[in-house]
Amino acid sequence: MRAIHVDEPMLEFRYGQRMVYPRDGLFLFGPGDGGRAPINFGVIGTPAGVARFRKWMGSVGNLIEAVNGDPQHVPFPGYGAAFASAWPDQPPYVIDSIDPAAVSRALRLENRNEAIKTTVDLYVDPLVAAANRLEAPPNFWFVVIPEEIYKLGRPQSSVPKVDRVRGSVKLSKSAARGLMLQPTFFPEDLEAAKIYQYATHFRRQLKARLLKDRIVTQIVRETTLAPNDFLNKIGKPIRRLEDPATIAWKILTGAYYKDGGRPWQLADVRPGVCYVGLAYKRQDNSSDDRFACCAAQMFLSSGEGVVFRGALGPWFHSESRQFHLSEDAARNLVEMVVGEYRLMHDGQAPTELFIHAKSSFADPEWKGFEAAAPGTNVVGVQISDAKDRMKLYRPGRYPVIRGTALILHEHRAFLWTSGFAPRLDTYLGPETPNPIEVRIHRGECELKTVLSDVMGLTKINFNSCLHNDRLPVTIRFADAVGDVILAAPQTGEPKLPFKYYI
């Protein structure tokens with residue numbers, strides 16, 4: 001056992017300039033793709049929500065000072081300066097017809113599946129209608145939601161009995177599941193049972209239902225845009241938020257990405273490398289608890305990501321509590337990945353394909369993976385949370401330095417992807433940082449190379465603008481992708497850019 005340090009990965013911005021902190025690079029140089037045409041988005045919400053968005057729009061076109069002198073707080077220079085793309089005075093497209101009374105009533109329907117689907121209908125229907133009506137629809141939509149959607153639009157939310165509204169769905173969830181096993185001659189029962197195919201989570205269901213129409217969204221709470229409009233009994237905002245500059249960095253980096261831009265990319269990445277993260281999600285309404293969906297998230301050094309939906313099947317193995325594909329399903333999934341890679345690289349296959357998963361790799365699925373990528377060095381990397389399995393301490397005020405690795409043997413290590421970051425001059429976590437375990441389970445590659453790749457993949461989350469995440473992007477969003485895929489029936493394109501899911 002020995003300790004090493006993996007260097008902080010460099011990011012590349014406009015003019016080929018390199019920095020380790022995304023906000024530094026964007027503030028000083030601009031985005032890695034050099035900038036784009038004026039941003040093209042729409043906004044949908046209640047009249048009050050859209051009004052709050054318009055006001056917030058006016059604040060982010062210009063400089064927003066950092067709240068203090070801490071190194072992690074970087075002033076937001078204004079959208080145009082940060083992203084070399086024009087920021088409009090008004091939203092290019094507006095839907096402000098969402099009725100707040102209709103939202104409140106829908107959220108309080110007794111049946112939670114009916115409640116969330118009815119609420120999502122209020123947003124999906126006008127978005128789809130706009131996509132079909134407009135000759136040149138926006139690249140993405142800001143979806144501004146009232147605070148009660150956040151409070152009541154999640155699986156664990158509960159509406160007081162006195163506030164519940166009787167709906168039209170009379171069929172229980174258990175009865176609906178029974179119809180899946182034993183069909184009925186009553187079509188109205190089958191129709192009523194479909195409500196349980198939709199998740200009781202507003203965000204996931206909204207994303208899932210818009211996949212087939214290829215509509216990208218950025219969900220924003222009204223309380224984020226105008227915290228001082230929502231005060232408690234003592235006159236303080238009901239939410240404790242980050243400073244305005246940080247909020248602007250996070251929301252607008254995601255907006256630039258969803259508009260089609262590339263804020264930054266990893267520097268010094270080996271040519272021909274492709275990373276794939278496997279995502280699994282068990283199907284709740286299946287009679288067989290082994291059934292799960294599988295998806296592959298492909299990422300390149302540029303940060304481009306594509307999600308591929310695989311087959312639904314008995315991938316969960318209760319004895320090991322892990323997911324494993326059949327040989328055919330594994331081959332078909334990676335064949336889609338390699339095919340897309342070839343389309344993006346003039347017919348060239350990847351020279352190296354790293355498959356990241358939380359589970360280990362069984363013999364049949366690994367055979368399928370290798371068969372789908374002949375001539376490519378395929379490496380299977382198992383990445384798991386090692387919370388409380390190992391602790392390292394160092395003298396002084398701050399904990400272990402990010403990038404510290406404890407090598408257990410040539411194919412396995414603990415890696416601290418969170419910890420003291422020299423650029424930030426601090427550690428931003430709430431407790432002693434925990435490592436992740438990185439294990440080369442199949443194939444051959446130098447362990448330090450794999451660890452360096454993992455460190456790099458913690459820095460290409462374009463849905464935010466952080467110094468780093470704790471988990472690589474291949475694993476970080478695995479559960480979220482699976483949640484969206486199973487949040488509504490899927491009939492559309494089996495491959496879509498990553499931005500549709502986050």
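Every value quoted in this text rests on a predicted model; they were computed, and no experiment measured them.
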With distance as the sole criterion, is a donor-acceptor pair present between the side chains of S326 and E365 under 3.5 Å?
no

Can you confirm whether the side chains of T246 and D243 place a donor and an acceptor under 3.5 Å from each other?
yes

Spacing of CG belonging to L300 relative to CD belonging to Q265, to within rounding of 0.5 Å
10.5 Å

Check this for me, if you would: do R52 and D229 make a salt bridge, where the nitrogen-to-carboxylate-oxygen distance has to be below 4.0 angstrom?
yes

Which word best sums up how the rings of F369 and W366 line up, parallel for under 30°, tilted for 30 to 60°, or perpendicular for over 60°?
perpendicular

Going from NZ on K250 to OG on S464, what distance comes out if it is rounded to the nearest 0.5 angstrom?
5.0 Å

dist L211:CG -> I485:CD1 (nearest 0.5 Å) comes out at 8.0 Å

Tell me whether the count of non-hydrogen atoms from other residues, nucleotides or ligands lying under 6.0 Å of CZ in R105 goes above 12.
no

Can you tell me how far apart OG (S418) and CG (D469) are? Round to the nearest 0.5 Å.
10.5 Å

Could you tell me whether the side chains of K151 and S157 share a donor-acceptor contact shorter than 3.5 Å?
no

With no hydrogens and no angle check, just 3.5 Å: does a side-chain donor-acceptor pair link R439 and S384?
no

Carboxylate-amine/guanidinium contact R54 D89, below 4.0 Å
no

Taking atom types as modelled, is there a side-chain donor on Q297 or T474 under 3.5 Å from an acceptor on the other?
no

Checking the side chain of E437 only, and the main-chain atoms of I383 only, is there a donor and an acceptor separated by less than 3.5 Å?
no

Candidate pair D328 and K367, rule salt bridge (charged side-chain N to carboxylate O under 4.0 Å, His left out), full reasoning:
CA-CA 9 Å; D328 287 343; K367 185 177 179 180; over 6 Å; no

So, E147 versus T223: side-chain donor-acceptor pair below 3.5 Å or not?
yes

Flag if over 12 foreign heavy atoms under 6.0 Å of CD, E319
yes

May I ask you to establish whether R442 and F361 are in a cation-pi arrangement, using a distance under 6.0 Å from NZ or CZ to the six-membered ring centre and at most 45° from the ring axis?
no

As a quick check of understanding, evaluate salt bridge (charged side-chain N to carboxylate O under 4.0 Å, His left out) for D385 and R470, giving each step before the final call.
CA-CA 10 Å; D385 193 336; R470 180 169 177 259; 2.9 Å; yes

Can you tell me if E352 and T376 form a side-chain donor-acceptor pair at under 3.5 Å?
no

What's the separation between atom OG1 in T119 and atom CD in Q205, rounded to the nearest 0.5 Å?
8.5 Å

Given the ring of Y150, does R154 sit roughly above its face, with NZ or CZ under 6.0 Å from the centre of the six-membered ring and within 45° of the axis?
yes

Quick check: does any side chain N or O of N434 sit under 3.5 Å from a backbone N or O of A386, one acting as donor and the other as acceptor?
no

Classify the ring geometry between Y93 and W141 as parallel (under 30°), tilted (30 to 60°) or perpendicular (over 60°).
tilted

Would S360 and Q322 satisfy side chain to side chain contact (heavy atoms under 4.5 Å, CB included), going step by step from the backbone distance to the final call?
CA-CA 8 Å; S360 60; Q322 292 192 345; 2.7 Å; yes

Please confirm whether the backbone N or O of P435 pairs with a side-chain atom of K387, one donor and one acceptor, at under 3.5 Å?
no

Closest heavy-atom contact between Q90 and M57?
C-CE, 3.7 Å

So, for L152 and I116, which heavy atoms are closest and what is the spacing to 0.1 Å?
O-CD1, 3.7 Å

Count the heavy atoms belonging to other residues, nucleotides or ligands that lie under 6.0 Å from CG of D163, then report whether that count exceeds 12.
yes

Between F354 and F299, does a side chain to side chain contact (heavy atoms under 4.5 Å, CB included) hold up when you go through it step by step?
CA-CA 10 Å; F354 291 88; F299 293 95; over 6 Å; no

Could you go step by step and tell me if E148 and R221 meet the salt bridge (charged side-chain N to carboxylate O under 4.0 Å, His left out) rule?
CA-CA 10 Å; E148 63 179 347; R221 294 157 66 180; over 6 Å; no

Without hydrogens or angle criteria, can the side chains of Y198 and N113 be said to hold a donor-acceptor pair below 3.5 Å?
no

Derivation of the ring pair (Phe, Tyr, Trp, His ring centres under 6.0 Å) call for F462 and Y256:
CA-CA 9 Å; F462 296 148; Y256 184 77; 9.2 Å; no

Show the nearest heavy-atom pair for residues G456 and L266, with the distance to one decimal.
O-CD2, 3.4 Å

Check whether D259 reaches the backbone of N40 with its side chain - one donor and one acceptor, N or O, closer than 3.5 Å.
yes

For R112 and T200, test the side chains for any donor-to-acceptor distance below 3.5 angstrom and give the result as yes or no.
no

Compute both the distance and the angle, then confirm whether R290 meets the cation-pi test with F316: under 6.0 Å from the six-membered ring centre, within 45 degrees of the axis.
no

Does any non-hydrogen side-chain atom of V144 lie less than 4.5 Å from one of E222?
yes

Could you walk me through whether N463 and Y257 satisfy the side chain to side chain donor-acceptor pair (under 3.5 Å) test, starting with their C-alpha distance in whole Å, then the side-chain angles of each, then the deciding distance to 0.1 Å, before giving a yes or no?
CA-CA 8 Å; N463 203 41; Y257 168 59; over 6 Å; no

R342 (side chain) donor-acceptor with G347 (main chain) under 3.5 angstrom
yes

Under the criterion ring pair (Phe, Tyr, Trp, His ring centres under 6.0 Å), I'd like the reasoning laid out for F41 against W87: C-alpha separation, chi angles, the key distance, then a yes or no.
CA-CA 10 Å; F41 65 86; W87 182 250; 5.5 Å; yes

Could you please spell out the steps behind the ring pair (Phe, Tyr, Trp, His ring centres under 6.0 Å) verdict for F323 and W315?
CA-CA 5 Å; F323 296 90; W315 313 136; 9.7 Å; no

So, does R108 use its side chain to make a donor-acceptor pair with the main chain of S104 at under 3.5 Å?
yes

Kindly give the heavy-atom pair with the smallest separation between N468 and K459, and that separation in Å.
CB-CG, 4.2 Å

Carboxylate-amine/guanidinium contact E340 K495, below 4.0 Å
yes

First locate atom CH2 of W56, then atom OG1 of T224, and finally report the distance between them rounded to the nearest 0.5 Å.
9.5 Å

Scanning both residues in full, the closest heavy-atom pair of V216 with K499 reads CG1-O, 3.8 Å

Is the closest side-chain heavy-atom distance between K358 and D479 below 4.5 Å?
yes

Kindly say whether I215 contributes a backbone atom to a donor-acceptor pair with the side chain of D213 at under 3.5 angstrom?
no

Measure from the side-chain N and O atoms of K258 to the backbone N and O of T217, and report whether any donor-acceptor pair falls under 3.5 Å.
yes

Short question: side chain of K236, backbone of K233 - any donor-acceptor pair under 3.5 Å?
no

Provide the closest heavy-atom pair for G45 versus Y123 in the form atom of the first, atom of the second, distance.
CA-CE2, 4.4 Å

Salt bridge or not for R209 and D121, using N-O below 4.0 Å?
yes

Just by distance, with hydrogens left out, do D483 and Y501 show a side-chain donor and acceptor under 3.5 Å apart?
no

Carefully, step by step, assess F83 and L26 under the rule side chain to side chain contact (heavy atoms under 4.5 Å, CB included).
CA-CA 7 Å; F83 299 103; L26 292 170; 3.8 Å; yes

